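Since the structure is predicted, the reported quantities are computational estimates derived from the model, not experimental observations. Throughout, protein chains are lettered first and strands after them, A, B, ... in sequence-line order, and every chain is numbered starting at 1.
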There are 2 protein chains.
Amino acid sequence: MDTLELMPVRVRITSILKKAIYTGEYHSGDELSLSNVAAQLGVSRTPVREAFQALEAEGLITLRMNRGAIVNQIDRKFIADIFDMRILLESEAAARAAANGMETAALLERLHDLRDHLEALNRADYESLNQDIHMAIWTAADNHKLKAYLLEMWNGPSTGLGADEAQAHYIDSTFEHIDILRFIRDGRPEAAREAMARHIARSRENILKRYPAAE
Amino acid sequence: MDTLELMPVRVRITSILKKAIYTGEYHSGDELSLSNVAAQLGVSRTPVREAFQALEAEGLITLRMNRGAIVNQIDRKFIADIFDMRILLESEAAARAAANGMETAALLERLHDLRDHLEALNRADYESLNQDIHMAIWTAADNHKLKAYLLEMWNGPSTGLGADEAQAHYIDSTFEHIDILRFIRDGRPEAAREAMARHIARSRENILKRYPAAE
DNA sequence: ATATCGTATATTGTATACAATATTCAACAG
DNA sequence: CTGTTGAATATTGTATACAATATACGATAT
């Protein structure tokens, strides 16, 4: 009947460690040992080890043979690299979605609802719709690698914006999303590509504020 | 000196299974059980399980909670998707390498050697230089995500070309490589991008011959 | 005969045990 | 005093044990 999807421990551990690295709870160069992390999280080494391998594949830590893991440098360039790739891939996805004739009516309706009640716009509503929009575009782009890479980059550093800045960001993004989806609806790949590029580039600048340039 | 012995078992298993899937030794929909694969390869379930997780991340199999793995559909579209992404990312890498001022002298010298002795061109020489060129470009592009994604896609399906076709492909590629590296050397990003796109696109067509379009 | 329930079986997910490799640091030779 | 050696220690990599979940199949009720 109701098949409640239970998250494997390894996935939970991966998510916890990823967040800990992005928030700076772990610092660049820190050595992570299986035993310590396992004990700290109250699980055995096996799922921690599997989480380490996932984190290494994502570039967050480096695994050295028989010598454990060290946290990589999560600096301004690391973040900028990710957003440069997101600009390239999200733009491509938007262009392909437009070329493929993606269904946009339902998402545009939800966007118009948000736009017409900006005073009631909260984080949860925005994030939910934001994710639905981007993932719908990835799916419509119809390329499994493109989708997988974008999904991997989706959960990165948080903006760390204050309440007012966050609100402004949500409003800007809502209008940008409307633009993007209209270009997609109208089958204009290049316009959709450029609108998406601007959208991600602005997000990039917002986040890079938290990672000052090296002197 | 055997580098395979320095590899962890899990990496070797991953490579073996990946090849088995790409060569069609395993078919779409096949159910892979940890015990069977472990017994067949003479290792325990632990490294096999870790290999399964790597293969899932790469999109080759699907892991279902408590129900084992099934081999995904490795069909024409799957391969085409990978090459579409390679066109996009290798082109971007070439453009960035050109913009960044990559060092090309040594590689161009090796290429000219090959070009001047086409009658002696063999698979090992070509593959070695081919890999060195592409990876040097990824590195010069200076974006860790771009490099990681291209590396993941590097070992895909083999062309399965006959000896004559392979020889022709090596020769074509050698001249294309020379063009690409000259554009990079001369700091012409857009020319490098387009030359690389053509190079990968031709490779794509070569490989897709082995995956006939569905009727 | 069909559908439902419960037990047996098989397989995965996690924990633990064991083996192999790397690091530490003190004893010792030069 | 400096540098090397090697046992003791610590940590990973792999194997195995145990627990939890899913599947198969037969008994039973309708």
S.K.: Just the rounded figure in Å: distance from P of dG13(C) to CZ of R12(A).
M.R.: 15 Å
S.K.: For a quick test of reading the model, state the closest non-hydrogen atom pair linking H27(A) to V71(A) and the distance between them.
M.R.: O-CB, 3.3 Å
S.K.: Parallel, tilted or perpendicular: which describes the rings of H144(B) and F78(A), with under 30° parallel and over 60° perpendicular?
M.R.: parallel
S.K.: Rounded to the nearest Å, what distance is computed from the CG atom of residue L63(B) to the P atom of nucleotide dA22(D)?
M.R.: 15 Å
S.K.: What is the distance, rounded to the nearest whole Å, between atom CZ of R45(A) and atom P of dA19(C)?
M.R.: 14 Å
S.K.: Looking only at the side chains, is there a donor atom on one of D113(B) and H117(B) sitting less than 3.5 Å from an acceptor on the other?
M.R.: no
S.K.: Which pair of heavy atoms, one from W138(B) and one from A93(B), lies closest together, and at what distance?
M.R.: CD1-CB, 4.3 Å
S.K.: Can you tell me if S44(B) touches the phosphate of dT14(D), counting only side-chain N or O atoms and a distance under 4.0 Å to OP1 or OP2?
M.R.: no
S.K.: Please give me the minimum heavy-atom distance between P157(B) and I207(B), naming the atom from each residue.
M.R.: O-CD1, 3.9 Å
S.K.: Tabulated below should be each protein N or O lying under 3.5 Å from an N or O of nucleotides 8-11 of chain C; please produce it.
M.R.:
none

S.K.: Can you tell whether the side chains of E92(A) and R96(A) come within less than 4.0 Å, N to carboxylate O?
M.R.: yes
S.K.: Could you tell me how far apart M7(B) (CE) and dT12(D) (P) are, to the nearest whole angstrom?
M.R.: 22 Å
S.K.: Which side-chain N or O atoms in residues 10-19 of chain A pair as donor and acceptor under 3.5 Å with protein atoms at least two apart or in another chain?
M.R.:
{"unit_1": "T14(A)", "atom_1": "OG1", "unit_2": "R10(A)", "atom_2": "O", "d": "2.7"}
{"unit_1": "K18(A)", "atom_1": "NZ", "unit_2": "E58(A)", "atom_2": "OE2", "d": "2.6"}
{"unit_1": "K18(A)", "atom_1": "NZ", "unit_2": "N155(A)", "atom_2": "O", "d": "2.9"}

S.K.: Measure the distance from CZ on R10(B) to P on dT12(D) and round it to the nearest whole Å.
M.R.: 13 Å
S.K.: Can you check the R64(B) CZ to dA20(D) P distance for me, whole Å?
M.R.: 23 Å
S.K.: Verify the contact: side-chain N or O of R49(A) to OP1 or OP2 of dT14(D), cut-off strictly under 4.0 Å; return yes or no.
M.R.: yes
S.K.: To the nearest Å, how far apart are L41(A) CG and dT14(C) C1'?
M.R.: 14 Å
S.K.: Measure CD1/I13(B) against P/dG13(D) and give the value in whole Å, please.
M.R.: 15 Å
S.K.: Look at the side chain of M65(A) and decide which nucleotide, out of dT14(C), dT16(D), dG13(D), has an atom nearest to it.
M.R.: dG13(D)
